[in-house]
*Asks:* 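Quick one: the structure is below, questions incoming.
On a predicted model such as this, the values are computed, not experimentally measured, just so you know. Chain A is the first sequence line, chain B the second, and so forth, proteins listed ahead of strands; every chain is numbered from 1.
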Amino acid sequence: MNGIHDMGGMEGLGKIGYKESEPIFHEPWEGRVHALAQAMQLGSRRPYIERIPAPDYLRMSYYERWYTALVTQLIESGVVTTAEVESGRAHPASMKATPAITPAVARELLFRTPKTEQNIELTPRFRVGDRVRGRNIHPTTHTRMPRYTRGKTGVVARDRGVFILPDSEQRSAEPKPQHVYLIHFTAQELWGERTSGHDSLYIDMWEDYLEPA
Amino acid sequence: MDPRGVLSELGLELSDDVEVRVWDSNAASRYLVLPERPQGTESMSEADLATLVTRDAMIGVAKVASPSMGGIS
């Protein structure tokens, strides 16, 4: 969706807030949110983060957004109810994990990163060196195509292999595996003559995001 | 859209003859930067070179300081 999270090219967001040595978690609760999210293994969090209303999204810290998204994800997945979240108490008849997660299992879940590359042979539509253009698509749900690539022409630099199209993961339709390509755009193609003629941007784009240029 | 401005804000000034490449890691690939080896390190061991590398150099927003410029050794 054309949401606030899609910030590429935006200005006016203020200074970066560089910190020389920043802790991984600013507060213990941030670490607990990270661990909870990993333990639940509910799938991609990004679609839920992207649904946070823009003013709230901008106000929240990184882990506040994770927490907000996680609560929505848990409720919509039927793991907890809104009443349970608000009271902080499990309903006596609520779902329980059986067997209950042990610290050893939790530790294993914490470091598990699901492999996303698919072991499927598919004929790629594009080859290295092809000129391609970002399609004028406006998905209503989650997508990994940022607005700044729409209508822009670049060159295929590499074929990354086959991955599931993220746009298809949330819909009830079948997950769509397809080739992902590393696309090279010149800075001036994206941002105009204000930028250096020497500079470039590289981004991975799923096949559905592209058309021949 | 202004990577040179961002780098300048982070203390790194680059001349116009240097090419800047921005990598948007929006998919399954993640990146780290192999920092440019600084001058005056030709005789240093791998272990000593490793002490010069910083977090900022590995994400591409800083150069590794040469030891003669006061880098950590």
*Asks:* For L13(A), I'd like to know if atom CG has over 12 heavy atoms of other residues, nucleotides or ligands within 6.0 Å.
*Replies:* yes
*Asks:* Would you enumerate the inter-chain donor-acceptor pairs between chain A and chain B whose distance is below 3.5 Å?
*Replies:*
from	atom 1	to	atom 2	distance (Å)
I16(A)	N	E9(B)	OE2	2.8
Y18(A)	OH	D56(B)	OD2	2.3
K19(A)	O	R55(B)	NH1	3.4
K19(A)	O	R55(B)	NH2	2.8
E20(A)	O	R55(B)	NH1	3.4
E20(A)	O	R55(B)	NH2	3.1
R144(A)	O	N26(B)	ND2	3.0
R144(A)	NH1	N26(B)	O	2.9
Y148(A)	OH	D24(B)	OD2	2.5
R160(A)	NE	S29(B)	OG	3.4
R160(A)	NH2	Y31(B)	OH	2.6
H198(A)	ND1	D16(B)	O	2.3
D199(A)	OD1	R4(B)	NH2	2.9
D199(A)	OD1	V20(B)	N	3.0
D199(A)	OD2	R4(B)	NE	2.9
S200(A)	N	V20(B)	O	2.9
S200(A)	O	V22(B)	N	2.9
Y202(A)	N	V22(B)	O	2.8
Y202(A)	O	D24(B)	N	2.9
D204(A)	N	N26(B)	OD1	3.3
D204(A)	O	N26(B)	ND2	2.9
D204(A)	OD2	S29(B)	OG	3.4

*Asks:* Quick one: which residues of residues 65-80 of chain A reach chain B at under 4.5 angstrom, heavy atoms only?
*Replies:*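 Checking residues 65-80 of chain A against chain B gives no residue, so none.
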*Asks:* Does I16(A) have more than 12 heavy atoms from other residues, nucleotides or ligands lying within 6.0 Å of its CD1?
*Replies:* yes
*Asks:* Identify, with sequence neighbours excluded, every residue that meets side-chain hydrogen bond (donor to acceptor under 3.5 Å, both in side chains) alongside E211(A).
*Replies:* R133(A)
*Asks:* Considering residues at least two apart in sequence or located in another chain, which fulfil the side chain to side chain contact (heavy atoms under 4.5 Å, CB included) criterion with T102(A)?
*Replies:*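 T102(A) satisfies side chain to side chain contact (heavy atoms under 4.5 Å, CB included) with A104(A), V105(A) once adjacent residues are dropped.
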*Asks:* Under a 4.5 Å heavy-atom cut-off, does chain A meet the side chain of V18(B), its backbone, both or neither?
*Replies:*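 Backbone only.
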*Asks:* Can you say whether L201(A) sits under 4.5 Å from chain B via the side chain, the backbone, both, or neither, judging by heavy atoms?
*Replies:*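 It is both, since atoms from each part get that close.
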